[in-house]
Amino acid sequence: MTVIDVFAHVLPANFLAKMNAIHPNILDNFPYMKNDLLTDVAQHRASLPADHQQIISAVNLNPEDFVGPDQAAELCRQANAEIADLVRANREFFPAGVAMLPLNNVPAALQLIDDQVAGSDALVGVQLFTQALGKPITDTAYEPIFAKLAAVGAPIWLHPVFDTHKTDNELTFSWEYELTQAMNGIVAAKYFRKYPGLKVIVHHAGAMVPYFSQRIKYIQSAENYADFKKFYVDTAILGNPKALALAVDFFGLDHVLFGTDSPFGIPPVGPTAVIEQAVRNMDLTAPQQQAIFTTNWQALMG
């Protein structure tokens, strides 16, 4: 049985070199990215358990945070080509990849979707972050990206980042809050109703939503409650079968995909073994486990 991890990270080596040329020693600002498994493909492949595959997306080293619109667009285009090449050269390990977009250049982002994602044999969606350039991802400036991705049928991988306006950010809880707020923003903006083809895969098992689902039910509208259930989520919460069971109960078994956030979380190679065991410890039948591990992803891809 092949296990497909839908949320695993890389840092393409050529892209990193270009970012270092712009901002020398750039990873000093992001010490958690100083991980050879992100950049060394041979080490990354060797770290995978047998019969495991990963859908690869870049870490949050986003060009728009460092350069102007045109340069950011070109850096994203080159990084996407590099991720696509990684997929094509290592298909038995990486069946697909996820594209980057320059959020300071929305017209170029829309063009990149047309050029590098729609109809691609390697890049099957894009990664967006909960904030971009000090604005929530649901700011109206970014809405055309949601519309375009719904139109072409390509999913969004939604990943958390810190809200730079806050002074008390920390990794354990802030990212979960930011994910929850982004989900709430997507629902409040009625994107699922405006763009019926929209598919969003949320990191960290949907963050706070499964635990506080009854607050959503009784405080928000019935339409909003139904829209929250339209998200897809991964399993990247470092284990905890009971918490994963809440995610399955709220979003539905068919909307839960195996994902780990590797190689982060549990040194030295990531939390794959811990999360996989947590899924196996859930009160699920073998076919239901298989749905999380493999077939839900295959169904999502059509």
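Since the structure is predicted, the reported quantities are computational estimates derived from the model, not experimental observations.
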- Task: List for me each residue that meets side chain to side chain donor-acceptor pair (under 3.5 Å) alongside Q220, sequence neighbours excluded, and say none if there are none.
- Result: N184, N224
- Please determine, by modelled atom types, if N296 and H255 share a side-chain donor-acceptor pair under 3.5 angstrom. no
- Taking Q127 for its side chain and A58 for its backbone only, find out whether a donor-acceptor pair lies under 3.5 Å. yes
- Query: Which residue pairs pass the side chain to side chain donor-acceptor pair (under 3.5 Å) test with at least one member in residues 10-27, sequence neighbours excluded?
  - Reply: K18-Q78
- Query: Going through the distances and angles, do L179 and W175 end up as a side-chain contact (heavy atoms from CB on, under 4.5 Å)?
  - Reply: CA-CA 6 Å; L179 273 173; W175 276 12; 5.7 Å; no
- Message: Looking at E223 and R193, is any side-chain nitrogen of the basic one under 4.0 Å from a carboxylate oxygen of the acidic one?
- Response: no
- side-chain contact (heavy atoms from CB on, under 4.5 Å) between E178 and F129, worked out: CA-CA 10 Å; E178 299 305 331; F129 296 88; over 6 Å; no
- Interatomic spacing from OG in S47 to CG in D40 - rounded to 0.5 Å: 10.0 Å
- Quick check: does any side chain N or O of K229 sit under 3.5 Å from a backbone N or O of F250, one acting as donor and the other as acceptor? yes
- Query: Do D234 side-chain atoms and H204 backbone N/O form a donor-acceptor pair below 3.5 Å?
  - Reply: yes
- Item | Whether over 12 other heavy atoms sit under 6.0 Å from Y211 OH | no
- Task: Mark yes or no for whether Q131, through its side chain, and D163, through its backbone, hold a donor-acceptor pair below 3.5 Å.
- Result: no
